[in-house]
Amino acid sequence: MAINLVTGGAGFLGSHLVDRLMEAGEEVICLDNYFTGRKRNIARWLGHARFELIRHDVTEPIKLEVDRIWHLACPASPIHYQFNPVKTAKTSFLGTYNMLGLARRVGARLLLASTSEVYGDPEVHPQPESYHGAVNPIGIRSCYDEGKRIAETLCFDYKRMNAVEVRVARIFNTYGPRMLPDDGRVISNFIVQALRGQDLTLYGDGCQTRSFCYVSDLVEGLIRLMHGDHTGPINLGNPNEFTIRELAEQVRSRINPGLSLVEQPLPDDDPRQRRPMIDLARQQLGWQPTVALEQGLEATIDSFRKVLALEGASGL
Ligand code: NAD
Ligand code: UDP
């Protein structure tokens, strides 16, 4: 049976991917350093005969016998990737380098979780894969954006030089259960603020846009990409675009319409607009998102209600 290595497997996306692979009867090795991942996300699989868990940092090499590498290890939320930007750049560059070295040695196929951030603050809208992006190389987001760009570069050079089979997904903003309540991303922030009865924090005037994909749709896209013939890079995201103010209003109306929206300073280099073109994913993977924002928000709000209730009960 094929062995799957999921780096970052205890994180938000990684743990949902682990669930899908385990439910499909696959062998899974989950590798994580627990920077933003949590053991509780994969706790249900501990002790399962097809599941192994390794505490490891991808900036260090590792020897394993595997067939597929789902390379997700990297903090994804601005507050986490900016906490130690040099470490983030190392995780993207050295982590991808180490995983490509492993893929080459054992003949595994590697899927890189890249990002829409490779388009930077895009001047082309919506963003097709052919757009080369507008990224600031020296700003506060650069450790992540440029880190993912060099990770993509490494994938394609390993493919050209060493015939490593690679797949590159450019993931757009994805949300759902298991995001950390304090991870600073907009959907988790708004939901947690509203559930706690706090005002919702709009950075800037809230006119910037994002397009939000529910986690189950995203995982389906990753699985199709890994198993298909198309190398990528390929956009995976939901093309329905919302302003951040519209998102805040949706969350507020669902949880507590009495709350206010308060404006706070916009962080440097915050992209003004973002929406994926997904024609390639439709053609090559037969994939498109199926979960509307209202539906995905309901499920995410429900899960955060439980998480916050547990935290309240334990006095955290
Ligand atoms: P996350 O922070 O929940 O997960 C990242 C996981 O990687 C965590 O479990 C963390 O502990 C682990 N990790 C970080 N550095 C590591 C290291 N050096 N060694 C080993 N493990 C390490 O974030 P996520 O949202 O699940 O994102 C997963 C991947 O998808 C990331 O590569 C991210 O860049 C990419 N991505 C996510 C989104 C999104 O909207 N969620 C969008 C674009 C790209
Ligand atoms: N944002 C906001 N309030 C918050 C958190 C984020 O207005 O409490 C904004 C942020 O400035 C950005 C958008 O929401 O314009 C998405 O932010 P997130 O960090 O979720 O993702 P990214 O900017 O990496 O796409």
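Indexing begins at 1, ligand by ligand and atom by atom, following the structure's order.
Looking from atom 4 (O) of ligand 1 to the surrounding protein, the closest heavy atom is Gly11 CA, 3.7 Å. Regarding atom 31 (C) of ligand 1, its nearest protein heavy-atom neighbour is Leu72 O, 3.1 Å. Regarding atom 40 (O) of ligand 1, its nearest protein heavy-atom neighbour is Thr174 N, 2.8 Å. Looking only at heavy atoms of the protein, atom 26 (O) of ligand 1 is closest to Leu13 N, 2.8 Å. In terms of protein heavy-atom proximity, atom 12 (C) of ligand 1 is nearest to Asp32 OD1, 3.4 Å. What sits closest to atom 44 (C) of ligand 1 on the protein, heavy atoms only, is Ser114 O, 3.3 Å. The protein atom (non-hydrogen) at minimum distance from atom 19 (N) of ligand 1 is Val58 N, 3.0 Å. What sits closest to atom 6 (C) of ligand 1 on the protein, heavy atoms only, is Gly8 CA, 3.6 Å.
At least one heavy atom of Lys148 sits less than 4.0 Å from an atom of ligand 1. Within the 4.0 Å heavy-atom shell around ligand 1 one does not find Tyr175.
Just one of Ile150, Asn98, Thr88 meets the side chain to side chain contact (heavy atoms under 4.5 Å, CB included) condition when paired with Phe93; it is Ile150. Considering Asp157, Ile69, Leu154 in turn, Leu154 is the only one that fulfils the side chain to side chain contact (heavy atoms under 4.5 Å, CB included) rule with Leu100. Checked options His71, Lys148, Glu152; the residue passing with Thr96 is His71 (criterion: side-chain hydrogen bond (donor to acceptor under 3.5 Å, both in side chains)).
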For ligand 2, list all ligand N or O to protein N or O distances below 3.5 Å, rounded to 0.1 Å.
{"residue": "ligand 2", "atom": "3 (N)", "partner": "Thr201", "partner atom": "O", "Å": "2.6"}
{"residue": "ligand 2", "atom": "7 (O)", "partner": "Tyr203", "partner atom": "N", "Å": "2.8"}
{"residue": "ligand 2", "atom": "8 (O)", "partner": "Asn189", "partner atom": "ND2", "Å": "2.8"}
{"residue": "ligand 2", "atom": "8 (O)", "partner": "Thr201", "partner atom": "O", "Å": "3.3"}
{"residue": "ligand 2", "atom": "8 (O)", "partner": "Thr201", "partner atom": "OG1", "Å": "2.9"}
{"residue": "ligand 2", "atom": "11 (O)", "partner": "Asp270", "partner atom": "OD2", "Å": "2.7"}
{"residue": "ligand 2", "atom": "15 (O)", "partner": "Gln208", "partner atom": "NE2", "Å": "3.0"}
{"residue": "ligand 2", "atom": "15 (O)", "partner": "Arg210", "partner atom": "NH2", "Å": "3.3"}
{"residue": "ligand 2", "atom": "15 (O)", "partner": "Asp270", "partner atom": "OD1", "Å": "2.5"}
{"residue": "ligand 2", "atom": "15 (O)", "partner": "Asp270", "partner atom": "OD2", "Å": "3.4"}
{"residue": "ligand 2", "atom": "20 (O)", "partner": "Val186", "partner atom": "N", "Å": "2.8"}
{"residue": "ligand 2", "atom": "21 (O)", "partner": "Asn173", "partner atom": "ND2", "Å": "3.3"}
{"residue": "ligand 2", "atom": "23 (O)", "partner": "Arg141", "partner atom": "NH2", "Å": "3.0"}
{"residue": "ligand 2", "atom": "23 (O)", "partner": "Arg210", "partner atom": "NH2", "Å": "3.1"}
{"residue": "ligand 2", "atom": "24 (O)", "partner": "Glu117", "partner atom": "OE2", "Å": "3.3"}
{"residue": "ligand 2", "atom": "24 (O)", "partner": "Arg141", "partner atom": "NH2", "Å": "2.9"}
{"residue": "ligand 2", "atom": "25 (O)", "partner": "Asn173", "partner atom": "ND2", "Å": "2.9"}
{"residue": "ligand 2", "atom": "25 (O)", "partner": "Arg210", "partner atom": "NE", "Å": "2.8"}
{"residue": "ligand 2", "atom": "25 (O)", "partner": "Arg274", "partner atom": "NH1", "Å": "2.7"}

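Looking at every heavy atom in both residues, Ala2 comes nearest to Glu26 through O-OE1, 4.4 Å.
One option in Ile171, Asn33, Ile62 has a heavy atom closer to atom 43 (C) of ligand 1 than any other, and that option is Ile171. Among Phe12, Tyr144, Tyr81, Trp70, the residue whose heavy atom lies closest to atom 36 (N) of ligand 1 is Tyr144. The option from Pro75, Ala76, Cys30, Ala73 that lies nearest to atom 24 (P) of ligand 1, judged by heavy atoms, is Ala76.
Proximity to Tyr34 (heavy-atom distance under 4.0 Å) selects the following atoms of ligand 1: 11 (O). Using a 4.0 Å cut-off to heavy atoms of Thr91, the atoms of ligand 1 that qualify are 15 (N), 18 (N). Using a 4.0 Å cut-off to heavy atoms of Asn173, the atoms of ligand 1 that qualify are 40 (O). Residue-ligand proximity, Ala10 to ligand 1, at heavy-atom distances under 4.0 Å covers atoms 9 (O). Interface atoms of ligand 1 facing Gly37, defined by a heavy-atom separation under 4.0 Å, are 8 (C), 9 (O), 10 (C), 11 (O).
A salt bridge links Arg141 and Glu117; the closest N-O separation between the charged side-chain nitrogens and carboxylate oxygens is under 4.0 Å. Between Glu294 and Arg254 there is no salt bridge, since none of the side-chain N atoms of the basic residue sits less than 4.0 Å from a carboxylate O of the acidic one. Arg38 and Asp32 are not joined by a salt bridge, as no carboxylate oxygen comes within less than 4.0 angstrom of a charged side-chain nitrogen. A salt bridge is defined here as a Lys NZ or Arg NE, NH1 or NH2 lying under 4.0 Å from an Asp or Glu carboxylate O, and Arg20 with Glu23 fails to meet this definition. Contact check on Lys87 versus Asp57 returns a salt bridge, with a Lys/Arg side-chain nitrogen under 4.0 Å from an Asp/Glu carboxylate oxygen. With respect to the salt-bridge test (charged N to carboxylate O, under 4.0 angstrom), the residues Arg245 and Glu263 qualify.
Residue contacts with ligand 1 for Thr36 involve both N, CA, C or O and side-chain atoms from C-beta outward (heavy atoms, distance under 4.0 Å). With a 4.0 Å heavy-atom cut-off, ligand 1 is reached by the side chain of Arg185 but not by its N, CA, C or O. Under 4.0 Å from ligand 1, the heavy atoms of His56 that appear belong solely to its backbone.
Using modelled atom types, one finds no donor on one side chain facing an acceptor on the other under 3.5 Å when comparing Gln82 with His80. For the 3.5 Å distance criterion, the side chains of Asp217 and Thr290 qualify, holding a donor opposite an acceptor.
Distance alone, capped at 3.5 Å, is enough to place a donor-acceptor pair between the Thr153 side chain and the Arg149 backbone.
Taking CG of Leu225 as the start and CH2 of Trp70 as the end, the distance is 8.0 Å to the nearest 0.5 Å. Distance check: Leu218 CG to Phe212 CZ gives 13.5 Å after rounding to the nearest 0.5 Å. Here CD1 of Ile29 is found 9.5 Å from CD of Glu65. Values are rounded to the nearest 0.5 Å.
For Phe83, the CZ atom counts as loosely surrounded, since its 6.0 Å shell holds 12 or fewer non-hydrogen atoms of other residues, nucleotides or ligands.
Between Asp57 and ligand 1, at least one pair of N/O atoms sits closer than 3.5 Å.
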